[in-house]
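Let me give you the structure first, and then I'll get to my questions.
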There are 2 protein chains.
Amino acid sequence: MAKNNSKNNSKEHTRIRIINSAKKLFSEQGYQKTTIVDISKQAGLSEAALYEYFQGKEDLLLTIPDLWVSELLHDLDEQLFGIQGAVNKLRKYLWWYLRRVEQAPLDAKIVYLFLKTNANFLNTEVYANVKRLYAYLIDIFEEGQKNGEMKPDLNPRIARDIFVGTMDHIVTRWLLKDMSYSLFDNLDHTFNLLVAAFKAEQSNSADYLN
Amino acid sequence: MAKNNSKNNSKEHTRIRIINSAKKLFSEQGYQKTTIVDISKQAGLSEAALYEYFQGKEDLLLTIPDLWVSELLHDLDEQLFGIQGAVNKLRKYLWWYLRRVEQAPLDAKIVYLFLKTNANFLNTEVYANVKRLYAYLIDIFEEGQKNGEMKPDLNPRIARDIFVGTMDHIVTRWLLKDMSYSLFDNLDHTFNLLVAAFKAEQSNSADYLN
DNA sequence: ATATTTGTCCTAATGTTATTAGGAAAAATA
DNA sequence: TATTTTTCCTAATAACATTAGGACAAATAT
């Protein structure tokens, strides 16, 4: 009844090989232009064998970002742990996220460029996790209101929209331009402008530290 | 040599019929799931006849937003004509753009959800026109700096990124949520936050009127 | 008016690609 | 050693984009 480890490992290993091949090809050539034959060749398998691991091309497309985003979600907790103040948390969030994108551009490309067009996107686990990732921001803005860092009449959801919209825009352009420059260029200036939008007018900046 | 009007008209009419059919089906079912047979049936033609009008499915996909965006570009000049001050222009830009999206949601859906995934997108006329559309914002921010409305050290390109990112985010979510609410909900609050990011600190708000 | 060219459309291929059938070989288990 | 399960393959099948080749009619030329 107990499964043999080596078998398990090799099965898992093959699965990972397929995922990596698909990731590479999707992000290089796009989803449509990548064929199942391409992917299976790259992974060293026949087409049919691939169907033992994935239900089909679409399933494969959805699996890739699923892994990435759920990993991000788990990491975020760790990253924000111990950071004091809403503005500091926001800053960490932005730098952390762009770093993760920089480190996994293939995953990011699939999420940003190919996923939204998929009719099932809204029903996927990825979408749910992306929402959770963004929901953190709402908590941060609410915290900022409580401690006086942020405007008292700030709508946290709208603040989130502005923050996420800007972040997504930066990432999307970087991906479309083939990652030909640093994501962190001018990021300080961008962040300062965003904070100016959210910050309380007469912010006694040390208030929340007491 | 001179062409008959009725013939010309019927040719043009058929072309438009095909475009409208494709627009409807692409935005309802997505690009991938829409077949050439679907489109040609909807337009009352055979598949082969469609190829007299368009080079193929991809050409059809690119033609639709091309028409829309170039129309937008032309309209924008008119809309901003006579509006005084950078903040007022920004406001008009935002309201105008979202209105146009509201009025042509099928075109918007194609631009926002299906176009970016296309490998040729960066080389299309649509992309060039979208860039021009967004470049207007840079002019507006520069004007705002000259007349003291905007922060003197504002980087106009970054301000544009924030503005466009927020706008695109609002539109994208609205499209993904099947246009089930008004694009203008909370728009005032959103706009005020954005302006707070860009505005000069001690803005003597009437300066630029002199 | 008749012949010829051009424009519009069709049915029937063709070729690519995702997916499935059916079974062989190997590995695990009894 | 026999049997079941896993993993993989070759060879269909089916959906679809695109093309061939020609019919028919409208426009134009003679």
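Convention: sequence-line order gives letters A, B, ...; per-chain numbering from 1. On a predicted model such as this, the values are computed, not experimentally measured, just so you know. Heavy-atom basis, side chains included; hydrogens, waters and symmetry copies ignored.
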(request) Could you check how far NZ of K57(A) sits from P of dT20(C), rounded to whole Å? (result) 15 Å
(request) Looking only at side-chain atoms of A48(A), point me to the closest of dA18(C), dC9(C), dA21(C). (result)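 Of the options given, the side chain of A48(A) lies nearest dA21(C).
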(message) Any salt bridge linking K33(B) with D38(B)? Criterion: basic side-chain nitrogen under 4.0 Å from a carboxylate oxygen.
(response)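 Between D38(B) and K33(B) there is no salt bridge, as every charged N stays at least 4.0 Å from the carboxylate O atoms.
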(message) Please report the distance, rounded to the nearest Å, between CG in D38(A) and P in dT16(C).
(response)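 Distance check: D38(A) CG to dT16(C) P gives 13 Å.
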(request) State which of dC8(D), dT20(C), dC9(C) makes the closest approach to the side chain of Y53(B). (result) dC9(C)
(request) Compare the minimum distances between each of dC10(C), dA18(C), dC8(D) and the side chain of Y51(A), then state the nucleotide with the smallest one. (result) dA18(C)
(request) Measure the distance from CD on E12(A) to C1' on dT7(D) and round it to the nearest whole Å. (result)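 The answer, rounded to whole Å, is 15 Å.
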(message) Output the rounded distance in Å from CD (Q32(A)) to P (dT16(C)).
(response)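 These atoms are roughly 18 Å apart.
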(message) Between the side chains of E142(A) and K146(A), is the shortest nitrogen-to-carboxylate-oxygen separation below 4.0 Å, so that they form an ion pair?
(response)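 No, no charged N to carboxylate O under 4.0 Å.
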(message) Just to be sure I understand the rule, does F54(B) reach a base, reach only the sugar-phosphate, or reach nothing, if contact means heavy atoms closer than 4.0 Å?
(response) nothing
(message) Checking contacts here: which listed nucleotide (dC16(D), dC9(C), dT19(C)) is nearest the side-chain heavy atoms of T35(B)?
(response) dC16(D)
(request) Identify the two heavy atoms, one from S70(B) and one from N129(B), that lie closest to each other, and give their separation to 0.1 Å. (result) CB-ND2, 3.8 Å
(request) Tell me which nucleotide among dC9(D), dC9(C), dA17(D) gets nearest to the side chain of E52(B). (result)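 Within the option list, the nearest is dC9(C).
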(message) Looking at R173(B) and D161(A), is any side-chain nitrogen of the basic one under 4.0 Å from a carboxylate oxygen of the acidic one?
(response)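 A salt bridge links D161(A) with R173(B).
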(request) Round to a whole Å and report the spacing from CZ of R15(A) to C1' of dT7(D). (result) 15 Å
(message) Please verify the inter-ring angle class for F184(B) with W95(B); under 30° counts as parallel, over 60° as perpendicular, anything in between as tilted.
(response) tilted
(message) Using whole Å, what does the distance between atom P of nucleotide dA18(C) and atom CG of D59(A) come to?
(response) 15 Å
(message) From CD1 of I18(A) over to P of dT7(D), roughly how many Å is that when rounded to an integer?
(response)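 Computing the I18(A):CD1 to dT7(D):P distance gives 11 Å.
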(request) Round to a whole Å and report the spacing from NZ of K11(B) to P of dG7(C). (result)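 For the pair K11(B) NZ and dG7(C) P, the rounded distance is 7 Å.
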(message) Applying a 4.0 Å non-hydrogen cut-off, can you work out what S40(B) is touching in the nucleic acid: base, sugar-phosphate, or nothing?
(response) nothing
(request) Among dT11(C), dA17(D), dC9(D), find the nucleotide with the atom closest to the side chain of S46(B). (result)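 The listed nucleotide nearest to S46(B)'s side chain is dT11(C).
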